[in-house]
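Predicted, not measured: the structure shown is a model, and the values here were computed from it.
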Amino acid sequence: MERYFMDVREAVKDKTKYQEIVAYFQESAPLRVDRLVLLIDTIELMSEEIFEHYKALQVLFKEAVSEILKRREREGGFDFLTDSQKSQLSYALSKAGNLKVLFWEKYEEYAMER
């Protein structure tokens, strides 16, 4: 259970809170698909100037995607996700590709898979 709730979309406006944002997502691990969406939206809003924290969130995102794709391989598909979660995953992967967080060509097929 999460220790606290943080409005990261509001917190990201203040660069001094970036360390808290990273800690928030680390404490939320393993990330559910809805948190993956929040994470990629947060990455989009963050300033790349604070590279250490920006990069830390990218690593968290990539680790969460890796875990989802490992489960997909074990189970032979995304049947463990609801339709809503599949849409959220597609959104997160697409946005990550646009932001250059992930190499889009490698993940595009997963974003399109239903």
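- In this structure, the separation between CG on D79 and CZ on R71 is 10.5 Å, given to the nearest 0.5 Å.
- For the pair L93 and A111, the tightest heavy-atom approach, listed with the atom from each and the gap, is CD1-N, 3.8 Å.
- In plain terms, the two heavy atoms of L57 and I21 that are nearest each other are CD1-CG2, 4.1 Å.
- Both L45 and L31 belong to a common hydrophobic cluster when Ile, Leu, Val, Met, Phe, Trp and Tyr are linked at side-chain heavy-atom distances under 4.5 angstrom.
- Note that the CD atom of E109 and the CH2 atom of W104 stand 10.5 Å from one another [nearest 0.5 Å].
- The distance from the CD atom of Q26 to the CD atom of E63 is 9.0 Å, given to the nearest 0.5 Å.
- What you find for I43 and F61 is that their closest heavy atoms are CD1-CB, 4.1 Å.
- Once rounded to the nearest 0.5 Å, the distance linking CG of D34 with CG of L39 reads 11.5 Å.
- Of all heavy-atom pairs spanning Y24 and V8, the tightest one is CD2-CG1, 3.7 Å.
- Under 4.0 Å is where a charged nitrogen must lie from a carboxylate oxygen, and between E113 and K86 no such pair does.
- Counting heavy atoms of neighbouring residues, nucleotides and ligands inside a 6.0 Å radius, atom CD of E44 exceeds 12 of them.
- Salt bridge annotation for E67-K70: present, with a cationic side-chain nitrogen under 4.0 angstrom from a carboxylate oxygen.
- Across L36 and A64, no two heavy atoms sit closer than the pair CD1-CB, 3.6 Å.
- In the hydrophobic cluster analysis, where Ile, Leu, Val, Met, Phe, Trp and Tyr join through side-chain heavy atoms closer than 4.5 angstrom, V59 is grouped apart from V101.
- No donor-acceptor pair closer than 3.5 Å links the side chain of S66 to the backbone N or O of K62.
- E52 has no carboxylate O lying under 4.0 Å from a charged side-chain N of K55, or vice versa, which leaves the two without a salt bridge.
- Taking the side chain as every heavy atom from C-beta outward, L69 and E73 never approach each other to under 4.5 Å.
- Taking OH from Y110 and CD1 from I68, the interatomic distance works out to 12.5 Å, rounded to the nearest 0.5 Å.
- Using a 4.5 Å cut-off on side-chain heavy atoms (C-beta onward), Y107 and S94 make no contact.
- S47 and K15 get closest at one heavy-atom pair: CB-CE, 3.5 Å.
- In this structure, CD on Q85 lies 11.5 Å from CZ on F78, to the nearest 0.5 angstrom.
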**Request:** Applying salt bridge (charged side-chain N to carboxylate O under 4.0 Å, His left out), run through K13 and E10 and close with a yes or a no.
**Result:** CA-CA 6 Å; K13 295 175 185 176; E10 189 61 33; 3.2 Å; yes

